[in-house]
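Before any comments, here is the structure.
On a predicted model such as this, the values are computed, not experimentally measured, just so you know. Note that these values count all heavy atoms, side chains included, but never hydrogens, waters or copies made by symmetry.
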Amino acid sequence: MSTPPPSTAPPTKSPSSISRYDSSLGLLTKKFTSLIRSSLTGSLDLNDAAASLNVQKRRIYDITNVLEGVGLVSKRSKNIIA
């Protein structure tokens with residue numbers, strides 16, 4: 001009995017798959033802080049940020065909780081940070 005040769009083709013990813021780095025909180029935080037910096041008023045609506053970054057609002061809350069904890073942002077209202 002002979003065994004088939006092992007496949008030498010690299011595994012393929014579907015075009016819609018996202019790498020772990022692309023969905024990391026680190027990269028998302030960089031994108032989020034750039035949204036804040038580009039804001040004319042210095043404040044940002046978290047619903048708009050979640051839609052703009054195409055992520056769940058929970059991920060935005062993770063970021064804002066840390067940034068608020070270290071004193072980099074503060075909440076103006078339920079969904080607005082500055």
Just grab all the salt bridge (Lys or Arg N to Asp or Glu O under 4.0 Å) pairs involving residues 52-65, residues at least two apart or on different chains.
Arg58-Asp62

Exercise: identify the closest heavy-atom pair between Ser39 and Gly42
OG-N, 3.2 Å

Between the CD1 atom in Ile63 and the CG atom in Leu28, the distance rounded to the nearest 0.5 Å is 3.5 Å

CG on Asn54 to NZ on Lys31, rounded to 0.5 Å
9.5 Å

Does Thr29 have any side chain to side chain donor-acceptor pair (under 3.5 Å) partners at least two apart in sequence or in another chain, and if so, which?
none

Per the salt bridge (Lys or Arg N to Asp or Glu O under 4.0 Å) rule, what does the pair list look like for residues 32-48, sequence neighbours excluded?
none

May I ask you to test the Leu27-Phe32 pair for a side-chain heavy-atom distance under 4.5 Å?
no

CD1/Ile36 to CG/Leu44 distance, rounded to the nearest 0.5 angstrom?
5.5 Å

Do the side chains of Ile81 and Leu67 get nearer than 4.5 Å, heavy atoms only?
no

Leu35 and Ser52: which non-hydrogen atoms are nearest, and at how many Å?
CD2-OG, 4.0 Å

Is there a path of hydrophobic side-chain contacts, each under 4.5 Å between heavy atoms of I, L, V, M, F, W or Y residues, that connects Tyr61 with Leu25?
yes

With sequence neighbours left out, which residue pairs that include part of residues 67-76 fulfil the side chain to side chain donor-acceptor pair (under 3.5 Å) condition?
none

By side chain to side chain contact (heavy atoms under 4.5 Å, CB included) - contacts of Ser77 (at least two apart):
Ile80

Quick check for you: to the nearest 0.5 Å, what is the distance between Leu46 atom CG and Thr64 atom OG1?
5.5 Å

